[in-house]
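Notes follow the structure.
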Amino acid sequence: MFAKQSSTTVKPSKSRTFSFMTPSFKARLATFAMAAALGVTAHAADITGAGSTFVYPVLSKWSAAYSAQTGNHINYQSIGSGGGIAQIKAGTVDFGASDKPLSESELQQAGLGQFPVVIGGIVPVINVAGLAPGQLKLDGAALAKIYLGDIKSWNDPAIAALNPGVNLPDGRITVVHRSDGSGTTFNFTDYLSKVDPQWKTKVGEGTSVQWPVGVGGKGNEGVSAYVKQIKGSIGYVEYAYALQNKMSYALLRNSSGKYVQPNLDSFAAAAATADWAHAKDFNLVMTNAAGADAFPIAATTWVIMYKHPKNAANSKVAFDFFKWSLEHGQPQAQALDYVPLPASLVARVENYWKTEFKL
Amino acid sequence: MSAEAVLTRNPGKTRDAGGDRAFRLLAGGCALLVLFSLAGAAASMAWGGRLAFQTFGWKFLISTDWDAVNHQFGALVPIIGTVVTAALAMLMAVPVSFGIALFLTEVAPAWMRAPVASAVELLAGIPSIIYGMWGLFVFVPFMAAHVDPWVDAHLGALPLIGMFFQGPPLGLGMLTAGIVLAIMVIPFISSVMREVFLTVPSRLKESAYALGATTWEVAWDIVLPYTRQAVIGGIFLGLGRALGETMAVTFVLGNAHQLTASLLLPGNSIAATIANEFTEADSEIYRSSLIALGFLLFVVTFVVLVIARLMLRQLDRKAGRT
């Protein structure tokens, strides 16, 4: 009886999927044939890119809006920055995206160029009873000492000195970091290296480092989950995660001595005041930026492309896509808690395209 | 022999000899395919990891370094994490699985056996990411609030072994990973055990009962010796999963490259390290070290299996002599 029942349920569904498949396949064939017949004049280009997971949400929003306008499709695979660099070097994609800039010599060797596309921020999140979001103030040195394991409790004199009048609890600090290699970690450790010489020599900066202390969570969601669960913990996540998970955060003192709130304005201030003028190929990590209102751990993602691409037609569309995104993609970026590049930087990027790339 | 002779003498069946040969080839091919893919996987990982082995030599096995910035890698922390969590898991899973199988074959009333058995098998079908999520969001807070403080206060104060049980109540760590792994492998081991316990001839069991044996004596002295080989096979199936489990362990182990004695502190395992770091391994030596870790997982599993086989042979010899 059971067998009979199952056979009667399987058959119709099979035939249904079959009859459903054929027309759609035919339709696809037809569009394909039409596109082929139209040839070069058809604008339905398929651009492929791969790399950073950080930029994936905004890139997919942009590509949806862009393809609605132009018919060109952008296929982006968020396989990680390392993978993106490897893929563009192998020439299997039209553009790569990385959270870590390539050096001048590395770019030159491969005939590549790079430019920033969007800005985000990395926020120190905490789980300390009795402290309101933004009530705890830290400077770079204190944050580095916490992550080095030198500062072990929340009422350590070094933290107390930065927080006069705040009742700090006598709890042990549990450090939370990323367990997977990540651009977020790269920017965070780059900041610590810039502000603390001991961090620079002992640990250094990279997409994954040898953490002296702490537990590792997988992804932004892993770190947020650990910080929420472990009392007395501190971690670092992308701004959007801190916001969406309503996590308590600490204020950071920037290079001009001001404590700034992490928000889109302070990230934009970091991007605007970073020293792009002296950064060849935009090879500049904008942590610890100089501006009075700049948030100290702002980050960007670089798009990497060939200066003399093999598939010039595809590259042209890719540039058109990024031009559109930088000039008209601000609403999509802001909706996802990213910061669009400030106008001065967009002008710089477009100038770089003109001088460096053969379009 | 004689059956073959009968077959060849029967003229109507001679054509079947060809079919037999084809079948033997086919079945042998299937078995060889496993060997080939095993050897191929091991060889390609050894090849991929050759840069790491060349660079670090034997130091790769005993170094606790895992420094992507300065390109210093060592496998000791993940190896120990893998072995310790799997050992913890087996320590808990084997007795419990034995109890489940025994209950379902000897003790439980007949109407209960089939539903509970299928429930256990259903557990085996839950994807490991679900165990990981459950571990992270439900079990870790429970461990942090109730188990870890107790372990730290009571077992941590013991002389000698106390160092294994001291630590802050993070909820994450080797002990939590071991328990989650145990829950994951119990269905595998217990369903194999149940299947093989059912194959014990009732004549043997009934004879033992007739001689006045208790249920425990029947299980321990009749059922277990009769099915020992298969039971150990089932345990290895579970052990293999515990050694190689990735997602669930990543969520609850804490992923810290630090060598600690305490089971309450975070560690790392081979599979978790690879899963975490492979996508962003941005240098040749980094990627090679991760692949070398994969090869070492092979080696660890192989060594554990060989040791177990040797122990089994020792047992067989003893049993033969007495």
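Keep in mind that this is a model prediction, so the values were computed, not measured. Excluded from the calculations below are hydrogen atoms, water molecules and symmetry mates; all remaining heavy atoms, backbone and side chain alike, are included. So you know, we letter chains A, B, ... as the sequences are listed, proteins then strands, and number each from 1.
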* Taking side chain as C-beta onward, heavy atoms only, is A/Ser208 less than 4.5 Å from B/Trp66? -> no
* **Structural part of A/Thr174 lying under 4.5 Å from a heavy atom of chain B** => side chain
* Toward chain B, the part of A/Val203 with a non-hydrogen atom under 4.5 Å -> backbone
* Select one option (side chain, backbone, both, neither) describing which atoms of A/Lys100 are under 4.5 Å from chain B's heavy atoms. => side chain
* **Side-chain heavy atoms of A/Gln229 within contact of B/Leu170, under 4.5 Å** => no
* Short question: side chain of A/Gln210, backbone of B/Val69 - any donor-acceptor pair under 3.5 Å? -> no
* Asked: Side chains of A/Val215 and B/Asn255: closer than 4.5 Å at any heavy-atom pair?
  -> no
* Is a side-chain N or O of B/Glu280 found less than 3.5 angstrom from the main chain of A/Gly82, in a donor-acceptor match? -> yes
* Given that the side chain runs from C-beta out, which part of B/Met247 has a heavy atom under 4.5 Å from chain A: side chain, backbone, both or neither? -> side chain
* **Side chain / backbone / both / neither for A/Ile79 at chain B, heavy atoms under 4.5 Å** => backbone
* Structure fact -> Applying a strict 4.5 Å limit to non-hydrogen atoms, the region of B/Phe278 in contact with chain A is neither
* Asked: A/Ser182 versus chain B, heavy atoms under 4.5 Å apart: side chain, backbone, both or neither?
  -> backbone
